[in-house]
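Read through the structure below, which is laid out as structure tokens, and then see the notes.
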Amino acid sequence: MCFFKRKYATEGRDYTIPQVDLSVKPENVDPELAYLFEPTTLDEGNGYLGHPDSVLLKDGSILTFYPEGHGKGRTLSKISHDGGLTYPDTIENAPKSWANSLETPTVYRLEFTEHAWEDKLILTCGNPKWPNLKSPGGFSCSISSDEGKTWTEYQNFYGNDDPVFQCFPIVPMSSLTKLKENGKFVDRWMGLFHESSFVNYKTILTFDDEGNMHWSKPEPYFAAYRGIEKASNMCEVECVRSEGGRGDELMLITRSNAKNINSLLTFSKDEGKTWSKPVEAPSALSGERHKADYLSDGRLFITFRSIERDKEKLRKNREKKTMNWYSEGWIAWVGTYDDLKNGREGELRMKVAHTYLNNQNAPCITANADTGYCGNVVLEDGTVVTSSYGIFSPETKEQGTYSTDKGKQIRKTYIISKRIRVEDVEKLLEK
């Protein structure tokens with residue numbers, strides 16, 4: 001235990017870049033910037049909705065998926081046709097197997113370079129072990145070949161009955177990255193997930209000539225650094241390709257679930273076959289379930305659940321005395337790939353919206369950490385539409401409590417979205 005503390009636990013530090021609070025609209029704000037403070041309710045639910053993910057459709061619509069519960073729960077959907085201003089529609093005649101989802105859904109666009117095929121959308125969902133629930137194991141995938149109008153039933157891979165390999169994935173695929181061979185993109189995608197033991201796996205997605213999908217046998221990809229993988233409880237890893245998504249280097253941003261060290265960064269120059277020794281991310285980016293997208297100007301927009309460990313901040317802001325961390329909630333970070341490559345903090349952070357703790361009736365710096373897991377898209381005009389889940393209102397149930405799979409709650413956990421133009425956020429910094 002002493003060895004663990006000496007080698008892997010680090011002292012928490014504060015970030016120094018500015019953070020813009022978008023949770024409360026200031027008086028006399030420029031009317032053109034007022035939208036930054038105005039969320040859209042994607043789905044209000046009736047107790048607990050969580051963990052959205054989004055994909056941009058070719059017609060400009062935004063398709064968002066989320067579970068009807070905390071991770072486990074029926075896969076639900078909403079569609080916006082106006083850039084995230086409203087979400088009036090849902091997928092009609094959803095596959096029956098979506099009703100039995102056991103993990104947070106993730107969705108990705110697959111663009112083919114070797115096959116003369118139209119794009120496909122892939123929805124993935126894990127089957128981990130939950131208390132008092134029987135799990136088929138493995139991960140499940142549903143495919144759409146018509147821009148999300150129709151979907152296949154979930155197809156299971158590496159479940160309990162698989163003769164080759166069985167697993168119980170959590171948040172598959174936390175990232176899905178198109179790979180290169182000899183410097184050119186090919187029709188192979190690297191998917192990442194972890195299990196409850198905090199072993200992180202990769203599996204490669206391919207398609208045969210008939211369009212059937214295949215996933216390679218999952219293999220641990222971080223075994224060379226198993227000590228820090230286990231000690232930090234590394235999980236829910238995001239993968240970012242350099243040079244606006246066209247470069248030859250990959251970067252991983254990890255969740256350090258043990259909360260004794262910042263998120264970690266590690267790099268690969270051989271398409272994920274080997275990784276560099278992990279280093280701590282700047283405190284400005286330390287958190288959980290990072291989702292990264294490139295803006296049109298080449299900068300990165302990364303959302304996550306903040307984890308703050310600085311001792312001075314903990315003296316002022318604390319959720320519970322027994323915790324050695326607190327959260328500032330749903331955060332978005334803006335900076336460059338080179339910032340992270342070179343250990344720089346980046347340019348700015350923004351608190352996207354406040355998530356309420358039970359004893360709070362107004363936004364403040366300390367927030368409910370049950371948020372993040374964002375669905376992000378970047379529209380053609382550069383606007384980011386980001387969606388997340390959380391307790392976004394102090395309103396309590398008039399009678400009784402909400403019965404959810406996280407227990408009884410006095411306030412609803414539901415899903416909202418925000419529209420953000422980073423240049424407009426920068427205007428707020430100038431005032």
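Residue numbers start at 1 and run along the sequence shown.
If you check the side chains of Asn342 and Asp338, you find no donor sitting under 3.5 Å from an acceptor. A donor-acceptor contact closer than 3.5 angstrom is absent between the side chains of Ser417 and Thr40. With 3.5 Å as the limit, one finds no donor-acceptor pair spanning the side chains of Tyr158 and Thr203. Side-chain atoms of Asn127 and Ser140 include a donor-acceptor pair closer than 3.5 Å. Defined by atom type and a distance below 3.5 Å, a donor-acceptor pair is missing between the side-chain atoms of Asn100 and Ser97. For the residue pair Asp208/Thr206, the side-chain donor-acceptor check at 3.5 Å is not satisfied. Looking only at atom types and distance, the side chain of Asp187 has a donor-acceptor partner in the side chain of Thr113 under 3.5 Å away. Checking Asn262 against Arg309 by side-chain atom types alone, a donor-acceptor pair falls below 3.5 Å. For the residue pair Asp14 and Thr16, no side-chain donor N or O sits within less than 3.5 Å of a side-chain acceptor on the partner.
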Per-pair distances, 0.1 Å, donor-acceptor, side chain in residues 189-198, under 3.5 Å, sequence neighbours excluded:
residue, atom, partner, partner atom, Å
His194, ND1, Ile170, O, 3.4
Glu195, OE1, Tyr201, OH, 3.3
Glu195, OE2, Phe168, N, 2.6

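Going from atom OG1 of Thr150 over to atom CD1 of Ile143 covers 11.5 Å, rounded to the nearest 0.5 Å. Distance check, rounded to the nearest 0.5 Å: CG of Leu49 to CD of Glu68 gives 7.0 Å. A distance of 11.5 Å separates OG1 in Thr75 from CG in Asp53, rounded to the nearest 0.5 Å.
Looking at Thr366, its side chain never comes within 3.5 Å of a backbone N or O of Asn317 through a donor-acceptor pair.
Each salt bridge (charged side-chain N to carboxylate O under 4.0 Å, His left out) pair with one or both residues in residues 93-118, not counting sequence neighbours, appears once here: Lys58-Glu118, Arg109-Asp119, Arg109-Glu147. Residue pairs satisfying the salt bridge (charged side-chain N to carboxylate O under 4.0 Å, His left out) criterion with at least one member in residues 372-383, sequence neighbours excluded, are listed as follows: Asp381-Arg421. Residue pairs meeting the salt bridge (charged side-chain N to carboxylate O under 4.0 Å, His left out) criterion with at least one member in residues 245-260, sequence neighbours excluded, are Lys180-Asp248, Glu236-Arg255, Glu249-Lys269, Glu249-Lys341, Arg255-Glu288, Lys259-Glu288.
Residues Ile331 and Thr303 fail the side-chain proximity criterion, which asks for heavy atoms closer than 4.5 Å. Inter-residue side-chain proximity for Leu102 and Pro136 is flagged as met; some heavy-atom pair is nearer than 4.5 Å.
Partners of Asp21 under the salt bridge (Lys or Arg N to Asp or Glu O under 4.0 Å) rule, at least two apart in sequence or in another chain, do not exist in this structure. Applying the salt bridge (Lys or Arg N to Asp or Glu O under 4.0 Å) criterion to Asp89, with sequence neighbours excluded, gives no partner residue.
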Problem set entry | side chain to side chain contact (heavy atoms under 4.5 Å, CB included) evaluation trace for Ile122 with Val107 | CA-CA 6 Å; Ile122 185 168; Val107 61; over 6 Å; no
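Salt-bridge check for Glu308 with Arg349: passed, with a basic side-chain N closer than 4.0 Å to an acidic carboxylate O. A salt bridge links Glu229 with Arg226: at least one charged nitrogen is closer than 4.0 Å to a carboxylate oxygen. The pair Lys313-Glu328 meets the salt-bridge criterion, with a side-chain N (NZ, NE, NH1 or NH2) lying under 4.0 Å from an Asp/Glu carboxylate O.
Tyr66 and Pro52 make their closest contact through CB-CA, 3.9 Å (heavy atoms, listed as atom of the first residue, atom of the second, distance).
Taking the ring centroids of Trp333 and Tyr15, they lie at or beyond the 6.0 Å cut-off.
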